[in-house]
**Student:** 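Dropping the structure in here first, questions after.
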Amino acid sequence: MQVVTILGSNSGNKRQLITEAIRILSSTEQWVMASSFYETAPWGFECDENFLNQVVVFQTRLSAFDFLQRCLETEKRLGRIRLAGGPRYSSRPIDIDLLFYDSVILNTPDLILPHPRMQERNFVLTPLAEILPDFVHPVFQKTIATLLQECPDKLQARKLPD
Ligand SMILES: Nc1ncnc2c1ncn2[C@@H]1O[C@H](COP(=O)(O)OP(=O)(O)OP(=O)(O)O)[C@@H](O)[C@H]1O
Ligand SMILES: Nc1nc2c(c(=O)[nH]1)N=C(CO)CN2
């Protein structure tokens, strides 16, 4: 199965944290490809520190739920602390979200696929369009390139040199 992820960080050594998260996931799953790194303004909350985001594709034999578990464990290993009752969004050393698991559509309390807010976010669609512009979103039946064109988000994602 092909799983498309987005990694994000807006505290600490962001590039190193994302690189380390990919190294941990790649120790058991097969890395396929990655977008460039993008500098992006915080979406959905106020904060001085910009994010670094990267989209990464893996090949996996894990179920989507087990892959999510690997992501949550990796976040924890890299110092992510989740505070119950805190604000909806806050700064974090590392965040790993699943965007797609093949073209599976799923709506459970623990996992929603495709990621339910990706179409509202330039920080997701811009790096995703760099590597998978023609991939068809299974719910909207539109390509990533089209979703990016239609995205109302005013926050831009700035591609960084490798
Ligand atoms: N596609 C998905 N990818 C990652 N987590 C998901 C997904 N769908 C549901 N979840 C659930 O969301 C929970 C909270 O995730 P998290 O705190 O990282 O949210 P967030 O990344 O801050 O916000 P957002 O979901 O808006 O990007 C996870 O523990 C997981 O159970
Ligand atoms: N720019 C940017 N903003 C965010 C991000 C993120 O990765 N990048 N993640 C969030 C929760 O998933 C909320 N806001």
Side-chain angles (χ1 to χ4, degrees), residues 1-22 24-25 29 34-58 60 62-132 135 137-140 144 147-148 151-160:
M1 300 288 187
Q2 177 172 278
V3 58
V4 183
T5 64
I6 180 155
L7 292 93
S9 170
N10 85 326
S11 71
N13 187 333
K14 303 169 198 174
R15 198 181 275 247
Q16 194 178 312
L17 282 158
I18 290 177
T19 304
E20 181 61 9
I22 295 167
I24 294 171
L25 289 171
E29 311 314 310
S35 72
S36 305
F37 284 103
Y38 285 78
E39 185 184 359
T40 65
W43 184 102
F45 71 112
E46 298 272 327
C47 171
D48 289 339
E49 209 39 65
N50 280 342
F51 275 78
L52 197 63
N53 283 113
Q54 186 178 37
V55 168
V56 183
V57 180
F58 296 92
T60 185
L62 296 178
S63 71
F65 291 96
D66 287 344
F67 195 95
L68 173 66
Q69 210 45 50
R70 284 276 290 135
C71 293
L72 297 175
E73 284 161 17
T74 303
E75 289 178 357
K76 213 168 173 184
R77 243 173 97 172
L78 293 175
R80 172 98 183 256
I81 299 161
R82 290 164 191 273
L83 295 174
R88 174 74 184 91
Y89 295 124
S90 56
S91 293
R92 69 279 305 269
I94 192 75
D95 183 33
I96 310 169
D97 287 344
L98 275 62
L99 300 176
F100 299 110
Y101 181 86
D102 278 352
S103 291
V104 168
I105 299 172
L106 192 70
N107 199 336
T108 71
D110 288 336
L111 182 58
I112 303 174
L113 289 168
H115 191 288
R117 286 167 287 285
M118 58 175 288
Q119 69 281 359
E120 303 164 14
R121 299 173 164 182
N122 277 336
F123 76 80
V124 174
L125 293 173
T126 306
L128 188 56
E130 180 193 331
I131 56 171
L132 292 173
F135 186 80
H137 190 292
V139 172
F140 301 122
I144 300 303
L147 288 178
L148 177 60
C151 181
D153 186 7
K154 294 283 176 284
L155 301 173
Q156 294 307 309
R158 188 170 71 90
K159 182 171 165 172
L160 299 178

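We number each residue from 1, following the sequence as shown. Start at 1 and go down the list; that is how both ligands and their atoms are numbered.
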**Student:** Do E130 and S36 meet the criterion of a side-chain donor-acceptor pair at a distance under 3.5 Å?
**Tutor:**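 Note: E130 and S36 side chains meet the donor-acceptor criterion.
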**Student:** Verify side chain to side chain contact (heavy atoms under 4.5 Å, CB included) between L128 and F135, making sure each step is shown before the conclusion.
**Tutor:** CA-CA 9 Å; L128 188 56; F135 186 80; over 6 Å; no
**Student:** What's the shortest distance from atom 7 (C) of ligand 1 to any protein heavy atom, and which residue and atom give it?
**Tutor:**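 Result for atom 7 (C) of ligand 1: L111 CD1, 3.7 Å.
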**Student:** Using the six-membered ring of Y38, assess whether NZ or CZ of R158 lies under 6.0 Å from its centre and within 45 degrees of the ring axis.
**Tutor:**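 Cation-pi check for R158 and Y38: fails.
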**Student:** Yes or no, since that's all I need: does a protein heavy atom fall within a distance strictly under 4.0 Å of atom 13 (C) of ligand 1?
**Tutor:**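 So atom 13 (C) of ligand 1 lacks protein heavy-atom neighbours under 4.0 Å.
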**Student:** Looking at atom 19 (O) of ligand 1, what's its closest protein heavy atom, distance included?
**Tutor:**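 Protein heavy atom with the smallest distance to atom 19 (O) of ligand 1: R88 NH1, 4.4 Å.
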**Student:** Have a look at ligand 1 and work out which part of L68, if any, has a heavy atom under 4.0 Å from it: side chain, backbone, both or neither.
**Tutor:**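 Answer for L68: side chain.
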**Student:** Specify the protein heavy atom at minimum distance from atom 23 (O) of ligand 1: its residue, its atom name, and the distance to 0.1 Å.
**Tutor:**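 Checking every protein heavy atom, the shortest distance to atom 23 (O) of ligand 1 gives Y89 CE2, 3.3 Å.
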**Student:** Do E29 and T60 have side-chain atoms, one donor and one acceptor, less than 3.5 Å apart?
**Tutor:**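 Side chains of E29 and T60: pair found under 3.5 Å.
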**Student:** For ligand 1, find out whether one of its N or O atoms is nearer than 3.5 Å to an N or O atom of I112.
**Tutor:**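 The answer is yes, given that I112 and ligand 1 share an N or O pair closer than 3.5 Å.
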**Student:** At a heavy-atom distance under 4.0 Å, which protein residues reach ligand 2? Sort them by chain and number, would you?
**Tutor:**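 Protein residues near ligand 2 are T40, A41, P42, W43, F45, F51, N53, Y89, R92, D95, D97, F123.
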**Student:** Please write down residue, atom name and distance for the protein heavy atom closest to atom 15 (O) of ligand 1.
**Tutor:**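 Answer for atom 15 (O) of ligand 1: R82 NH1, 3.6 Å.
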**Student:** My understanding is that we take every heavy atom of each candidate and find the minimum distance to atom 6 (C) of ligand 1. Doing that for L98, D110, N107, which one comes out nearest?
**Tutor:**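 Going through L98, D110, N107 one by one, D110 has the nearest heavy atom to atom 6 (C) of ligand 1.
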**Student:** How does D95 reach ligand 1, by side chain, by backbone, by both or by neither, if only non-hydrogen atoms under 4.0 Å count?
**Tutor:**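 For D95, only side-chain atoms sit under 4.0 Å from ligand 1.
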**Student:** Hey, are E75 and R92 close enough for a salt bridge, meaning a charged N less than 4.0 Å from a carboxylate O?
**Tutor:**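 Salt bridge flag = no for R92 with E75.
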**Student:** Going by heavy atoms in the side chains, are F51 and S9 under 4.5 Å from each other?
**Tutor:**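 F51 vs S9: side chains apart.
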**Student:** Check whether more than 12 heavy atoms from other residues, nucleotides or ligands sit under 6.0 Å from atom CD of E120, and answer yes or no.
**Tutor:**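 It does: E120 CD has more than 12 such atoms within range.
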**Student:** Ring centres under 6.0 Å, that's the criterion: do F100 and H137 meet it?
**Tutor:**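 Under 6.0 Å, so yes.
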**Student:** Which atoms of ligand 1 are found less than 4.0 Å from any heavy atom of R121?
**Tutor:**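 This gives 24 (P), 26 (O), 27 (O) as the contact atoms.
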**Student:** Are side-chain heavy atoms of V4 and V56 found at a separation under 4.5 Å?
**Tutor:**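 No; the side chains remain at least 4.5 Å from each other.
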**Student:** Does CZ belonging to R77 count more than 12 external heavy atoms closer than 6.0 Å?
**Tutor:**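 Result for CZ/R77: open.
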**Student:** Apply salt bridge (charged side-chain N to carboxylate O under 4.0 Å, His left out) to R121 and list each qualifying residue two or more places apart in sequence or on a separate chain.
**Tutor:**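 Not a single residue meets the salt bridge (charged side-chain N to carboxylate O under 4.0 Å, His left out) criterion with R121.
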**Student:** Do N50 and E39 have side-chain atoms, one donor and one acceptor, less than 3.5 Å apart?
**Tutor:**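 N50 vs E39: donor-acceptor pair found between side chains.
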**Student:** Measure the distance from atom 28 (C) of ligand 1 to every protein heavy atom, then report the residue, atom name and distance (to 0.1 Å) of the closest one.
**Tutor:**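 For this ligand atom, the closest protein heavy atom is L72 CD2, 4.4 Å.
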**Student:** Do any nitrogen or oxygen atoms of R117 come within less than 3.5 Å of a nitrogen or oxygen of ligand 1?
**Tutor:**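 Yes; at least one N/O pair falls below 3.5 Å.
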**Student:** Test your reading of the structure: does L113 have an N or O sitting under 3.5 Å from an N or O of ligand 1?
**Tutor:**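 Between L113 and ligand 1, no N or O pair is found under 3.5 Å apart.
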**Student:** Please write down residue, atom name and distance for the protein heavy atom closest to atom 22 (O) of ligand 1.
**Tutor:**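 Looking only at protein heavy atoms, the one closest to atom 22 (O) of ligand 1 is R92 NH2, 3.1 Å.
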**Student:** Between F58 and F67, how do the two ring planes meet: parallel, tilted or perpendicular, split at 30° and 60°?
**Tutor:**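 Rings of F58 and F67: tilted, as their planes differ by 30° to 60°.
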